[in-house]
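One structure coming up, written as C-alpha cells, with questions to follow.
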Amino acid sequence: MLPATSYTRIDDDGKPYLQGSRCPDCGAVFVGEREHCGRCGARARMMSVHLGERGHLYCYTIVHRSYPGIKVPFISAIVDLDGGGTVKGNLLDVEPDPSRLRFDMRVRMVFRGAEVASTEGAGFIAHFFILDPENSRG
Amino acid sequence: MADVYVVGIDMIRFGRYPERTVVQLAADAVLLALDDCGLGITDIQALFSGNIGETMTGQRTLQLIGQTGIPVVNCTNACATGATAFREGWTAIKAGLFDTVLCVGVEKMAPGMIVKKKVGNEPFPAEGLIGSETMPAVFSMVGLEHARKYGTTIEQFAKVSVKNHHHSTFNPKSMYQKETPLEEVLGAEMIAYPNTKLMCSVNVDGAAAAVLMSEKRAREAGVLDRAVRVRASALASDAWTERNQVMQDVNTVSRQAAASAYDMAGLGPQDLQLVELHDCFATAEILHYENLGLCRDGEGGRLIDSGDTSLGGRIPVNVSGGLLSKGHPLGATGIANIYEVSTHLRGEAGRRQVEGARIGLTHVVGLGSACAVHILEKA
C-alpha cells in the first residue's frame, strides 16, 4: 500500500504513523518534514517526531459537496494531538450529523485504505480518525 | 507625505460573459474608470493589474485600448488580488514615482466549486481524503469555531445572507438582485455544514478599475470635487498561529491589517459610516465584524441580530450585496469594494445610499493568506 500523503510513513514493524517536525527552540510542531521553523525562524534544527495517535476534536465541518469520486457527506475534522501538533483528517464511523459531534470529543487515529473516502483510493493508505471509546466511559 | 486620491473608479456589472475574454472585461472596466474622470489611457503613467487565472493581463489589456509602453505590474494575492493591485498603485504614487496610475482587477470564473491549483508534491489528491480544503469547508470550520467559542447559531450566520441579498436589490451592478428570506437560506442545499448554497458567494465574471492621482496632480487637473482620499492602505500576511497550517485562520491576518489601517489613518471603527468586508461565506461576515472592531469579540451574532449592519443601521455592512450576492470574481472584488465605498462617499449610491457617508472601510482576505484593508474619506 502506498502512503497517500507525503507525511504518511510506515515504520520497520510495518506500522503506519504520521511524520512531524518539532522546533527545539520554540516547541512548535508541524505536520510533515520541515527544515526550518516557520514560527520562530530557527535554521536547520528541526527534530523529526512521530505524531501522536490520540487527541481531541477541536473543530469540524460536514462536507456535502466535494470533488468527483469523493464519498459525501463526510466529516472533515481538526484534531489537536496529545503531545503536540494539529492534524486534519476525516472522522469515520459516526453519523455525519452535528447532533453526534461535540467539540473536544476524544478521537483516535487509524490507518485505512483510501478507498473508504475516494473511488480512486485503492492501493493507498491514509490516516483517519474514529471516536475514542473513552468518550463513552462515565 | 501627501495623500493619494481615487479620482475615477467604476466596475462592470458582475455576471456571466461567455463571449468576453478576461482582458476584454478588464478593458471595459478600465475605460469606464477613465471616462469617470475624463481621462484617456495616454494620461496613465503605470498600470497595476490584478488577476489570478491568467498571466500578463495588464499588458494584454493595454493591447486592446492603447499600448503606451508604460510600466505594468501583474498582481496576485488570492482573493485579495484586486486590493493588492490598488495598493501597489497607491504605493507607487506615495513613493513619488508617478502622479497618475490605473489599477484594475478582473476575473472570469467557471460556475461551481473552485478547484485549487496543485500545491506541493502529494502522492494523492488530499481533497476529501484528508479532510476538506474547499472554500465552503474552510469557512464553515471557522464559523463553527466561532460557534464553539461564543454560541453563534446557524440562524445568525444565515441572517447575513438575508441581509446581503436584500441589499443587492438596490444595486444594479450586482449579479443577483433577489430577496432570500431566512427559511429559504436555511432550506437551501447544504454545501458544508453550516453553510448552505445561499450562504456561499457566487463565482462570476467581473472587473473593476480605479484611477489614482497624487494630490498635486489632482489639484492641477481640477478633479478633487469627486475625489476620494485614501486615508489608509494596509496589507498583512498570516503570522504563525497555532493550527493555522492545518485550519486556515482568517482572523489574525484581518486583525493585523485592520490595526495597521486604523493606525495609519488615525481613526477607529467608530469613525466609519460603512464597510465592505469579505463575506465570501455567510459565516465569514460574523467573524469580520469582530476582526474589524465593529463590535467586541463574541458579539458578532448579537450585531447581526440587532439590524445595525443593515442599510439604515448604525454601521451598514455590504450594502452592495457583498460577495454573497453581488458576486466574487476573485481578482476584481478588492477594487469593486473600493468602488462601492467611493460611490457612497460621492453621494452617488442612489437607492442604497448610506446617508452622510464620509469615511468607509474595505476589507478582503485571500487564503494562503493575505488581507488588505483600505480606509477611504470623502475629499
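Every chain is numbered from 1 and lettered A, B, ... according to where its sequence line falls, protein lines coming before strand lines. Atoms considered below: every heavy atom in the structure, side chains included; atoms not considered: hydrogens, waters and symmetry mates.
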| Heavy-atom closest pair, residues B:Tyr193 and A:Pro98 | CZ-CG, 3.3 Å
| request: Could you grab the distance from atom CG of B:Leu129 to atom NE2 of A:His127, nearest 0.5 Å is fine? | output: 8.0 Å
| Closest approach of B:Leu144 and A:Tyr60, non-hydrogen atoms and distance? | CD1-O, 2.9 Å
| Other residues, nucleotides, ligands: >12 heavy atoms within 6.0 Å of A:Glu115 CD | yes
| Between NE2 on residue A:His64 and CG on residue B:Asn195, distance to nearest 0.5 Å | 11.5 Å
| field | chain A contacts, top residue of B:Ser140, B:Gly128, B:Ala192 (heavy-atom pairs, under 4.5 Å) | value | B:Gly128
| said: Looking at every non-hydrogen atom in both residues, tell me the closest pair between A:Ser66 and B:Glu127 and how far apart they are. | reply: OG-OE2, 3.5 Å
| request: Please flag which part of A:Val31 lies under 4.5 Å from any non-hydrogen atom of chain B: side chain, backbone, both or neither. | output: side chain
| request: Tell me, yes or no, whether the heavy-atom count around B:Lys197 atom NZ, taken from other residues, nucleotides or ligands under 6.0 Å, exceeds 12. | output: no
| More than 12 non-hydrogen atoms from neighbouring residues, nucleotides or ligands closer than 6.0 Å to CD on B:Gln156, yes or no? | yes
| Residues in residues 87-94 of chain A near chain B [non-hydrogen atoms, under 4.5 Å] | A:Val87, A:Lys88, A:Gly89, A:Asn90
| said: If you apply the rule side-chain contact (heavy atoms from CB on, under 4.5 Å), what do you find for B:Met247 with A:Thr86, and how did you get there? | reply: CA-CA 9 Å; B:Met247 179 178 157; A:Thr86 298; 5.9 Å; no
| Part of B:Thr134 lying under 4.5 Å from any heavy atom of chain A | side chain
| query | Considering only heavy atoms, which portion of A:Phe124 lies under 4.5 Å from any heavy atom of chain B: side chain, backbone, both, or neither? | reply | side chain
| field | Close side-chain approach of B:Met141 and A:Ser76, heavy atoms under 4.5 Å | value | yes
| note | If one checks every heavy atom of B:Glu189 against chain A at 4.5 Å, the contacting part turns out to be side chain
| field | Segment of B:Ala137 engaging chain A (4.5 angstrom heavy-atom cut-off) | value | both
| task | Counting only heavy atoms closer than 4.5 Å, note whether A:Ile70 contacts chain B via side chain, backbone, both or neither. | result | side chain
| said: Do A:Asp80 and B:Glu242 have side chains that approach each other closer than 4.5 Å (heavy atoms only, starting at C-beta)? | reply: no
| field | Contact class of A:Phe74 relative to chain B, heavy atoms under 4.5 angstrom | value | side chain
| Using non-hydrogen atoms only, which part of A:Tyr58 is less than 4.5 Å away from chain B: side chain, backbone, both, or neither? | both
| message | Can you give me the closest heavy-atom contact between A:Ala4 and B:Glu122, atom names plus distance? | response | O-OE1, 4.5 Å
| query | For B:Arg243, does the CZ atom have more than 12 heavy-atom neighbours from other residues, nucleotides or ligands under 6.0 Å away? | reply | yes
| message | Report which part of B:Glu145 has an atom under 4.5 Å of a heavy atom belonging to chain A: side chain, backbone, both, or neither. | response | both
| request: Would you name the heavy atoms of A:Pro3 and B:Pro123 that are closest together and state the gap between them? | output: O-CG, 3.5 Å
| request: Grab the two heavy atoms, one from A:Ser118 and one from B:Phe124, that are nearest each other, plus how far apart they are. | output: OG-CZ, 3.7 Å
